[in-house]
Amino acid sequence: MTYSIESARNIFSSTQVADAVPATTAMFAQLNIDDQLAFLWYAYAELGRTITPAAPGKANLQLMEGIFNDIKQMSHEEQTQLMRDLASNADTPISRSYAYFGVNAKLGFWWQLGEWMKEGIVAPMPSGYQMSTQVKAVLEAVQKIDQSQQITVLRNTVVNMGFDPSLADNKQAEVINFKFPRTSLSPQFTIEGVTEPTVLKYIEAMNADNFEAAVALFANNGALQPPFQKPIVGREAITAYLRDEGQGLVMKPTKGVSETIEDGYTQHKVTGTVETPWFGGNVGMNIAWRFLLDPQGQIYFVAIDLLASPKELLNLTRK
Ligand code: EQ3
């Protein structure tokens, strides 16, 4: 049997992913714009406390200095409108610039606005704001899921804001990407049950932000499927994706299983935790990597899944 990306997506198909994340994100999308902004404020009030203070980084935020200066000059009404425009994907100059921020730059942008809202530099939540029943319902749904799923919902909402770049005619070439200096050496790890060099090299390269080395492990037409997304196909696209989203992640795989399947292909499932530089050791996300390697030992496909529960870390069933 020869594999297609589509069929590879089904390896280790009993893996239970955190379905609550897309479900809650969809609930959020149903809220009206002011309710969306209010929801984020309340959700962030809880979660923001666990943000690693060094995460946004002065050097990173300087990349957005121009926009920040403009925002500081605005009246509170204008600032509120700017936040509404971003959340409603309106076509404005700032919404267009935002669309070209990398994921971490988007998070850093809102982190700064949130800090300034607390200080009164940016328009705070209106005093006397009454939470609507809809906002309460989404907040309750979010409170029921674990922290790693909560931060993923929060991240998804921020990523989807701004003007849709695919609609823009004058695409800017440069995306603003954050870099997170690594404070400690790459964590040492052993994966109980997996000794496949390609898998070990992948984790090592990612833990050193060495995306070129990680991508060199892929077959030319190989694919990487991030949590809740479609596969990203080809080395060039995977490199661009990892430069944006893979920075500063700390991967701690612990267990796994390897199996030779047909025609010299091998499949490997590895489970463990991943920490984002935003929350450091405060939030360990329960992750599975499902690898399919071709007969040359190159990565033909890898899916990264956010697991439904810690119990899933032990699920190494082959089907
Ligand atoms: C100001 C405020 C509060 C109110 C206003 O009304 C609106 C907004 C938006 C506000 C601000 C909100 C803020 C500041 C939200 C911040 C949220 C943050 C920092 C969330 C960060 C989440 C990070 C996550 C979930 C990262 C996950 C990464 C994973 C799972 C990576 C996995 C990967 C692995 C393991 C690989 O092997 C390959 C690559 C890949 C990246 C897929």
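One-based numbering, in listed order, for ligands and for the atoms of each.
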J.: Can Q150 and D146 be counted as having a side-chain donor-acceptor contact under 3.5 angstrom?
T.: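 Q150 vs D146: no donor-acceptor pair found between side chains.
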J.: Which heavy atom of the protein is the closest neighbour of atom 17 (C) of ligand 1, given with residue, atom name and distance?
T.: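 Closest protein heavy atom to atom 17 (C) of ligand 1: L107 CD2, 3.6 Å.
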J.: Could you see which bit of L37 sits under 4.0 Å from ligand 1, with heavy atoms only: side chain, backbone, both or neither?
T.: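 It is both parts that get close, each with some atom under 4.0 Å.
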J.: What atoms of ligand 1 come within less than 4.0 Å of a heavy atom belonging to E245?
T.: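 Once the distances to E245 are compared, the set is 41 (C).
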J.: With heavy-atom distances below 4.0 Å as the criterion, list the atoms of ligand 1 near W111.
T.: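 Ligand 1 atoms under the 4.0 Å threshold to W111: 14 (C).
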J.: Could you check whether W278 and N104, counting side-chain N and O atoms only, form a donor-acceptor pair closer than 3.5 Å?
T.: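 Note: N104 and W278 side chains meet the donor-acceptor criterion.
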J.: Nearest to atom 42 (C) of ligand 1, what protein heavy atom do you find, and at what distance?
T.: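 Looking at atom 42 (C) of ligand 1, the protein heavy atom closest to it is Y241 OH, 3.5 Å.
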J.: Salt bridge check: are E245 and R155 linked by an N-O gap of less than 4.0 Å?
T.: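 The answer is yes: the pair qualifies as a salt bridge.
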J.: Do me a favour and list the nearest non-hydrogen protein atom to atom 31 (C) of ligand 1 with residue, atom name and distance?
T.: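 Ranking protein heavy atoms by distance from atom 31 (C) of ligand 1, first comes L249 CD1, 3.7 Å.
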J.: After noting the C-alpha distance and the side-chain angles of K230 and E6, does the key distance pass the salt bridge (Lys or Arg N to Asp or Glu O under 4.0 Å) rule?
T.: CA-CA 10 Å; K230 294 213 171 70; E6 223 23 63; over 6 Å; no
J.: Against heavy atoms of V158, which atoms of ligand 1 measure under 4.0 Å?
T.: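 Checking each atom against V158, I get 9 (C).
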J.: For ligand 1, indicate whether the residue W110 contacts it via side chain, backbone, both or neither (heavy-atom separation under 4.0 Å).
T.: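 For W110, backbone and side-chain atoms both sit under 4.0 Å from ligand 1.
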J.: Does E115 pair with K118 as a salt bridge, N-O distance under 4.0 Å?
T.: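 Salt bridge between E115 and K118, a charged N being under 4.0 Å from a carboxylate O: yes.
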J.: Would you please say whether a donor-acceptor pair under 3.5 Å links the side chains of D85 and S95?
T.: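 Distance-only check fails for D85 and S95.
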J.: Minimum heavy-atom separation for L200 and V194, please, with both atom names.
T.: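 Minimum heavy-atom contact is CD2-O, 4.1 Å.
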J.: In the protein, what heavy atom is nearest to atom 36 (C) of ligand 1, and what distance, to one decimal place, separates them?
T.: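 Nearest protein contact, heavy atoms only, for atom 36 (C) of ligand 1 is Y202 OH, 3.3 Å.
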J.: Nearest heavy atom to atom 20 (C) of ligand 1 wins, so pick from W41, F279, W289.
T.: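 Shortest heavy-atom distance from atom 20 (C) of ligand 1: F279.
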J.: Scan side-chain atoms only and decide if E196 and T198 contain a donor-acceptor pair under the 3.5 Å cut-off.
T.: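 Per modelled atom types, E196 and T198 side chains form a pair under 3.5 Å.
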J.: Given Y98 and F163, is the ring pair (Phe, Tyr, Trp, His ring centres under 6.0 Å) satisfied, shown in steps?
T.: CA-CA 7 Å; Y98 182 90; F163 185 66; over 10 Å; no
J.: So does A288 get a backbone contact from the side chain of T271, meaning a donor-acceptor N/O pair under 3.5 Å?
T.: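 Side chain of T271 to backbone of A288: no pair is present.
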J.: Quick one: sort the F68 and F109 rings into parallel, tilted or perpendicular, breaks at 30° and 60°.
T.: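 Because their plane-to-plane angle is under 30°, the rings of F68 and F109 count as parallel.
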J.: Which ligand 1 atoms are under 4.0 Å away from a heavy-atom of L40?
T.: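 What qualifies from ligand 1 is 3 (C), 7 (C), 8 (C), 9 (C).
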J.: For atom 22 (C) of ligand 1, what is the closest protein heavy atom, and at what distance to 0.1 Å?
T.: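 Heavy-atom neighbour on the protein nearest atom 22 (C) of ligand 1: R155 CD, 3.5 Å.
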J.: May I ask you to identify, for V302, whether its side chain, its backbone, both or neither come under 4.0 Å of ligand 1 on a heavy-atom basis?
T.: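 For V302, no heavy atom sits under 4.0 Å from ligand 1.
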J.: What atoms of ligand 1 come within less than 4.0 Å of a heavy atom belonging to W278?
T.: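 Taking each heavy atom of W278 in turn, ligand 1 has 19 (C) under 4.0 Å.
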J.: With heavy atoms under 4.0 Å as the rule, classify the contact between L242 and ligand 1 as side chain, backbone, both or neither.
T.: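 Near ligand 1, L242 shows its side chain, while the N, CA, C and O stay back.
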J.: To check your reading of the model: name the closest protein heavy atom to atom 1 (C) of ligand 1, its residue, and the distance in Å.
T.: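 Here the closest protein heavy atom is G114 CA, 3.5 Å.
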J.: So which protein heavy atom does atom 29 (C) of ligand 1 come closest to, and at what separation?
T.: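 Scanning the protein heavy atoms, the shortest distance from atom 29 (C) of ligand 1 goes to M285 CE, 4.1 Å.
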J.: Using heavy atoms and a threshold below 4.0 Å, how should the contact between M83 and ligand 1 be classified: side chain, backbone, both, or neither?
T.: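 Contact part for M83 vs ligand 1: neither.
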J.: Under a 3.5 Å cutoff, is there a donor and acceptor pairing between the side chains of E312 and Q16?
T.: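 No, Q16 and E312 have no side-chain donor paired with an acceptor closer than 3.5 Å.
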J.: Among all protein heavy atoms in this structure, tell me which lies nearest to atom 35 (C) of ligand 1, with the distance rounded to 0.1 Å.
T.: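 Here the closest protein heavy atom is M251 CE, 3.6 Å.
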J.: Whether the R9 and Q225 side chains hold a donor-acceptor pair (N or O, under 3.5 Å, no angle test) is what I'd like checked.
T.: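 Note: R9 and Q225 side chains meet the donor-acceptor criterion.
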J.: Of the backbone atoms (N, CA, C, O) and the side-chain heavy atoms from C-beta on, which set of I304 has a member under 4.0 Å from an atom of ligand 1: side chain, backbone, both, or neither?
T.: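 Side chain only; the backbone of I304 stays clear of ligand 1.
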J.: Of the side chain and backbone of T157, name the one, both, or neither that has a heavy atom under 4.0 Å from an atom of ligand 1.
T.: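 No part of T157 is near ligand 1 at this cut-off.
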